[in-house]
Number of protein chains: 2
Amino acid sequence: MSTVPGRRLAAADAVLRPVRAGNAFEEAVEALLRTIRLGVVSPGDRLPPERELASRLGVSRATVREAIAALADAGHLTSRRGRYGGTFVVSPAAPTAPLAPETAASLEDVLVFREAVECGAAAAAARAPLDEADKQHLVERQKACAQAADYRPADSRFHLAVAEASGSALLLNAVADARVRANELLDAIPLLPRNIDHSERQHRGILRAILAGNPDSARSAMAEHLEGTAALLRGFLG
Amino acid sequence: MSTVPGRRLAAADAVLRPVRAGNAFEEAVEALLRTIRLGVVSPGDRLPPERELASRLGVSRATVREAIAALADAGHLTSRRGRYGGTFVVSPAAPTAPLAPETAASLEDVLVFREAVECGAAAAAARAPLDEADKQHLVERQKACAQAADYRPADSRFHLAVAEASGSALLLNAVADARVRANELLDAIPLLPRNIDHSERQHRGILRAILAGNPDSARSAMAEHLEGTAALLRGFLG
DNA sequence: TCCTAATGGTCTAGTCTCAGTCCATTGACT
DNA sequence: AGTCAATGGACTGAGACTAGACCATTAGGA
C-alpha cells in the first residue's frame, strides 16, 4: 500500500495523500515566495495588506505576519507602517537551496506534468472565446518578455497569461504549480541569450495560434517550446 | 485584486490561494470519501489501519478517527476491533448533496481542467515505456469496466490506470482531482446503458492507442471520450 | 489452552492556529 | 496644522490538532 521506489504508481497513493502540505506557517511562506518567484509581484511592488493576504490564503493574520517576518529576516520583504505603507518586495528571491538528491527521480514527473497542463492550457486558450481585452493582455505579456531585465519571471507571466486565457481556474492553478516546480529545477542551470531568442520566437508562435483560435497548433507550439527546456534539464540533471 | 465574477482570471488568484482547503477533519472525510467514490476501495474491502491512514493523510490519528466515525454514522464504514479487524467499506457513497448554485459557473472550469489533464495523461501514457505488467494492468482495468455492476467507479479506475501509466505522480494526482470534481457533477444526471456501450468502445480505442505507443491518437481518443460526458453535463446543467 | 501481534478505543498534556480587539504610525487631503 | 483612513504591530482567550502512551478486543499460532 505504500509508495516504494521503482514500483508502479498506485491510485491509492494519489487519493490517500497528505491533506495538508505542512503547517500553516510554512505554507504561507511558500505562497509568498511563489508570488515573488513567478513574478506576480516584482521588486519594489507592494503585496496586498496583511488582512487581505490572511483572507486570501485562508490563514490567520498572525500566521501571515510570521511568514512575512521570516521573509523580511531573509531580506526578501520589508514593511512600512502607516497609510500607503505596506509590505514590499525587496529583491528577487534567492535561488532555491541546492537540489535535493531525489531531483532526478522527480524530474520526469515534473516535466510530464508540465507538458500536460501547459499544452492543455494552450489548446483551451485557443478554443476559448477571448474578447479584445483578453487578447491585448496576452500580447502585452508576450512583448514584456522581450524587454524584461529578468527573463524567467516575465516568461512565467506569459505562460500564466495563457493559462488565464483558458478560462479555467483549476487549470491556472495547475500551471502555476507546474511552473513553480519547473523553475526550482531551472534555477540550477544557466540561462543563455541564445535560448532566450529561441524561446521568444516560440512564444510568438504560441500567441499566434491562440489568437487564430487554432487549438492543435497552439498545443504543438507549446509542446515544442517546453521541449527546449525539458531537454536542457535532462541534460544538466538527468 | 479579488476574484470578481465575470472578471478575467488573474495570476495572483492562482498563487495567493487558500493554503488549506478546510479543517483537518473535513479534509480527512473528503479524502476517505474519495477513496470510496473513485473505487479505490470497493464495498467489503478494508481500509488501511487508522495509524497508517493518519500517516498517509498527514493528520493525527484522533482526526482520522473522527472522520471514520462521521462516515460510520452515515453508514458508509464500519469498524471491527482485534487483529484482522479494521475499518470496512459498507456501501458505495451516497450521491453528493444537491448541486450548489454556483455549479454552472464552475462547470466549464472542471470540464476544461479535466480535458487538459486527462488528454495529457493519455498522451504521456502512450509515450511512456510500459513493461508487460503495466500493459496487463491497463487491459485488466478496461475489461473490468465491461462487467462492473457499478459502472462509474470502474470507469474511474480505468482512467486512473491511464494516469498511472503516464509515470507522473503529479499528473495522477491532477487526474484524480479532476475526476472527483467531474463525478460530483455526473452524480446528478442519469447513466444510460447506451452511453455505457459507447463509452466502452471509446475505452478500447484509448487503450489501443496507448499500447501502440501513439500519443496523438491516444489524446484525440481521450478527447472524444470526454466530450461525450461533457456534452451530457452541459445539457443537463449548463 | 495460552500467547502474541495487530487492530480499534481512550485519555492527556502540550502546541499551533484562529478570531477578535486595540494600539501605533504614516501621509494625503482639507 | 489638523484630520482621518489605511496600514503594520501587539496581545489575549478559545478551540483545534497533535503526539504519545496506554487499554480492550480479536483471531491465529505455538
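Sequence lines set the chain letters: A, B, ... in the order given, protein chains first and strands last, and positions in each chain run from 1.
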Side chain of A:Arg51, heavy atoms from C-beta onward: which of D:dG28, D:dG8, C:dT10 has the nearest atom to it?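 Of the options given, the side chain of A:Arg51 lies nearest D:dG8.
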Could you work out which one of D:dG8, C:dG27, C:dG8 sits closest to the side chain of A:Thr87?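 From the listed options, D:dG8 comes nearest.
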Quick tally for nucleotides 12-17 of chain C: nucleotides whose base has a protein heavy atom under 4.0 Å get B, sugar-phosphate-only ones S, the rest -, giving -----S
Over all heavy atoms of both residues, which pair between B:Leu16 and A:Arg56 is shortest? Give the atoms and the distance, please.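 Closest pair (atom of B:Leu16, atom of A:Arg56, distance): CB-NH1, 3.4 Å.
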Looking at every heavy atom in both B:Ile68 and B:Leu32, which two are closest together, and how far apart are they?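 Heavy-atom minimum between the residues: CG1-CD1, 3.9 Å.
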Using a distance-only criterion (donor-acceptor N/O pair, under 3.5 Å, no hydrogens), is the base of C:dG20 paired with the side chain of A:Arg61?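 Check fails, no donor-acceptor contact within cut-off.
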Any donor-acceptor pair, under 3.5 Å, between the side chain of B:Arg83 and the base of D:dG29, if you only look at N and O atoms?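 No pair found.
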Toward the 5' end of DNA chain C, by each residue's nearest nucleotide, B:Gly86 or A:Ala62: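 The residue whose closest nucleotide sits nearer the 5' end is B:Gly86.
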Reading DNA chain C from 5' onward, which residue's closest nucleotide shows up sooner: A:Arg81 or B:Gly82?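 Nearest-nucleotide comparison on DNA chain C picks B:Gly82.
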As an exercise, state the distance from NE2 of B:His137 to CG of B:Leu130, rounded to the nearest 0.5 Å.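 With rounding to 0.5 Å, NE2 (B:His137) is 12.0 Å from CG (B:Leu130).
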Test A:Arg152 against A:Asp187 for salt bridge (Lys or Arg N to Asp or Glu O under 4.0 Å), laying out the working first. CA-CA 9 Å; A:Arg152 225 160 257 148; A:Asp187 282 341; 3.5 Å; yes
So, is B:Arg46 close to the C:dT7 phosphate, meaning a side-chain N or O under 4.0 Å from OP1 or OP2?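 Answer yes for this pair, as a side-chain N or O of B:Arg46 is under 4.0 Å from OP1 or OP2.
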Students often get this wrong, so: under 4.0 angstrom with heavy atoms, is B:Arg65 touching a base, only sugar-phosphate, or nothing?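 The answer is base, as B:Arg65 lies within the cut-off (heavy atoms under 4.0 Å) of a base atom.
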State whether the side chain of B:Ser42 and the backbone N or O of B:Asp45 hold a donor-acceptor pair below 3.5 Å, judged by distance alone.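 Side chain of B:Ser42 to backbone of B:Asp45, a donor-acceptor pair under 3.5 Å: no, none is there.
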For a side-chain hydrogen bond (donor to acceptor under 3.5 Å, both in side chains) check, start with the C-alpha distance between B:Arg37 and B:Ser156, then their side-chain angles and the critical distance, and finish with the verdict. CA-CA 9 Å; B:Arg37 291 238 181 82; B:Ser156 284; over 6 Å; no
